[in-house]
Amino acid sequence: MNVKENAAVIKDSIERACSKVERDPAEVTTIAVTKYVSTERAREAMEAGIVNLGENRKEGFLEKYSRIGDEAKWHFIGSLQSRKVKDVIAQMDVLHSLDRKSLAKEIDKRAETAVSCFVQVNISGEDSKHGLETEDVLPFIRMLENYPKVRVVGLMTMAPHIEDEEKLRAIFRQLRALRDKVRNENMAHAPCEYLSMGMSNDYTVAIEEGATHIRIGTSLVGNETYGGE
């Protein structure tokens, strides 16, 4: 199938998942993860109605931005080194991987306006995953009040690539509960409304558990070059 057909299948899956839990599909933002495909394939996703694009490396991000520009809404979804903030901060609309003070400090130093950020949480506890431990999230977000250019719009996690649906649900539920805890603090700098969780293999489960932003690569735009999502 081509990208347009893939997008239609995903849209239908989103609608069915939302229907199961009485959610409005309009609450779910689909981010096309374009890190393994060309700018042309990214444009195909946009032509299919998906204008939120996600990249995880500075080079790929800047290359696509140079050709697409502000036609898309740009999400930086990978771990961002503090020294690279200056290179991407002006082009980036949303950061999904805020997980340390040094990064917040650099964003505050370099950004001209407040940046929408998801705080990344390592719910699964995997050594291979970035993100804060659950118990560190609230103190970290409270500390971010010191950096006015950082606005915490939500929490993000990456679930393990497993088939066990109940384990996936447990991870997504933990992130949702943590989001609710942060939101209930009513911090002006951290409205924390959103949940960035769910990828190609588990996005319907994530939606059923409250995801507002899903990151879809392989099943939407495919994989042209470097390996899987």
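Below, all heavy atoms of this structure are taken into account, side chains as well, without hydrogens, waters or symmetry copies.
- Proximity of a side-chain donor or acceptor of Glu5 to a complementary backbone N or O of Asn2 within less than 3.5 Å is detected.
- A side-chain donor-acceptor contact under 3.5 Å links Thr157 to the backbone of Val121.
- When all heavy atoms are compared, the tightest approach of Pro148 to Ala114 is O-CB, 4.1 Å.
- Contact detail for Val28 and Ile207: the closest heavy-atom pair is CG1-CD1, 4.1 Å.
- In this structure a side-chain-to-backbone donor-acceptor pair under 3.5 Å is present from Arg179 to Glu193.
- For OH of Tyr194, the number of neighbouring non-hydrogen atoms (other residues, nucleotides, ligands) closer than 6.0 Å is 12 at most.
- When side chains are defined from C-beta on, Lys101 counts as touching Tyr147, because their heavy atoms get closer than 4.5 Å.
- To the nearest 0.5 Å, atom CG of residue Asn52 and atom NE2 of residue His75 are 3.5 Å apart.
- Without hydrogens or angle criteria, Asp99 side chain to Leu132 main chain gives no donor-acceptor distance under 3.5 Å.
- Between Arg57 and Glu63, no side-chain nitrogen of the basic residue sits less than 4.0 Å from a carboxylate oxygen of the acidic one, so the salt-bridge criterion is not met.
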Check: Between Leu138 and Met187, does a side-chain contact (heavy atoms from CB on, under 4.5 Å) hold up when you go through it step by step?
Finding: CA-CA 11 Å; Leu138 199 50; Met187 292 178 276; 4.1 Å; yes
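- Across all non-hydrogen atoms, the minimal contact from Ala104 to Leu144 is CB-CD2, 3.4 Å.
- Grouping the Ile, Leu, Val, Met, Phe, Trp and Tyr side chains by contacts below 4.5 angstrom, directly or via other members, places Met158 apart from Leu95.
- Under the 4.5 Å side-chain heavy-atom criterion for ILVMFWY residues, a single connected hydrophobic cluster contains both Leu155 and Met143.
- Under a cut-off of 6.0 angstrom, the local environment of CD in Glu59 is crowded, with over 12 non-hydrogen atoms contributed by other residues, nucleotides or ligands.
- The CD1 atom of Ile14 sits 12.0 Å away from the CD atom of Glu27 when rounded to the nearest 0.5 Å.
- Criterion: ILVMFWY side-chain heavy atoms under 4.5 Å apart, direct or through other members. Under it, Leu195 and Phe140 are part of a common hydrophobic cluster.
- Proximity of Arg100 to Ser82: side-chain heavy atoms (C-beta onward) are separated by under 4.5 Å at one or more points.
- Note that CD1 of Ile77 and CE of Met199 are 7.0 Å apart. Values are rounded to the nearest 0.5 Å.
- Listed here is the closest heavy atom pair of Gly54 and Ile31: N-CG2, 3.5 Å.
- Under a 3.5 Å cut-off, the side chain of Ser19 and the backbone N or O of Glu15 do not form any donor-acceptor pair.
- Considering only heavy atoms from C-beta on, Met156 stays 4.5 Å or farther from His213 through its side chain.
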Next item on the list: Please assess Leu80 against Val85 for the test side-chain contact (heavy atoms from CB on, under 4.5 Å), listing each intermediate value before the final yes or no.
Entry: CA-CA 7 Å; Leu80 179 61; Val85 168; 3.8 Å; yes
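- Atom NZ of residue Lys181 and atom CD1 of residue Ile141 lie 11.0 Å apart, to the nearest 0.5 angstrom.
- Rounding to the nearest 0.5 Å gives a distance of 10.0 Å between CD of Gln91 and OG of Ser66.
- Using a cutoff of 4.0 Å between basic side-chain nitrogens and carboxylate oxygens, Glu47 and Arg43 are not scored as salt-bridged.
- Put simply, the side chain of Asp93 gets close to the backbone of Trp74: a donor and an acceptor are under 3.5 Å apart.
- Enclosure of atom CD in Glu185 by more than 12 non-hydrogen atoms of other residues, nucleotides or ligands within 6.0 angstrom is indicated.
- In summary, Asp12 and Arg16 engage in a salt bridge, as defined by a charged side-chain N under 4.0 Å from a carboxylate O.
- Between Asp70 and Tyr65 the shortest side-chain heavy-atom distance falls below 4.5 Å.
- Side chain of Arg41 to backbone of Val221: a donor-acceptor contact under 3.5 angstrom is found.
- Between the side chain of Asp108 and the main chain of Lys105, no donor-acceptor pair closer than 3.5 Å is present.
- Checked by atom type and distance alone, the side chain of His130 never pairs as donor or acceptor with a backbone atom of Gly78 at under 3.5 Å.
- Both Ile68 and Met92 are members of a single hydrophobic cluster when ILVMFWY side chains are connected at heavy-atom separations under 4.5 Å.
- For the pair Arg169/Val205, a side-chain contact is recorded, criterion being any heavy-atom separation below 4.5 Å from C-beta on.
- Counting heavy atoms from C-beta on, the side chains of Arg23 and Thr212 come closer than 4.5 Å.
- In summary, Asp180 and Arg183 engage in a salt bridge, as defined by a charged side-chain N under 4.0 Å from a carboxylate O.
- A continuous path of ILVMFWY side-chain contacts below 4.5 Å connects Phe76 to Leu53, so both sit in one hydrophobic cluster.
- Put simply, the residue from Lys35, Lys73, Lys64 that forms a salt bridge (charged side-chain N to carboxylate O under 4.0 Å, His left out) with Glu55 is Lys64.
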Check: Yes or no on side-chain contact (heavy atoms from CB on, under 4.5 Å) for Asp202 and Phe172, after CA distance, side-chain angles and deciding distance?
Finding: CA-CA 10 Å; Asp202 57 18; Phe172 295 143; 3.7 Å; yes
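- Residues Pro160 and Ile171 share a closest heavy-atom pair of CD-CD1, 3.3 Å.
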Next item on the list: Test side-chain contact (heavy atoms from CB on, under 4.5 Å) on Gln120 and Lys129 and set out the steps.
Entry: CA-CA 10 Å; Gln120 184 167 354; Lys129 298 268 195 306; 5.6 Å; no
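- Distance check, rounded to the nearest 0.5 Å: CG of Leu220 to CD1 of Ile50 gives 4.5 Å.
- Shortest non-hydrogen contact noted between Ser13 and Tyr203 is CB-OH, 3.3 Å.
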Note to self: Using the rule given for salt bridge (Lys or Arg N to Asp or Glu O under 4.0 Å), can you reason through Glu40 versus Arg67, listing the C-alpha separation, both sets of side-chain angles and the distance that settles it, and then say yes or no?
What the structure shows: CA-CA 10 Å; Glu40 289 70 30; Arg67 298 177 63 186; 2.5 Å; yes
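- Enclosure of atom CD in Glu163 is not indicated, since only 12 or fewer non-hydrogen atoms of other residues, nucleotides or ligands lie within 6.0 angstrom.
- Remark: side-chain polar atoms of Arg176 are paired, donor with acceptor, to backbone N or O of Glu209 under 3.5 angstrom.
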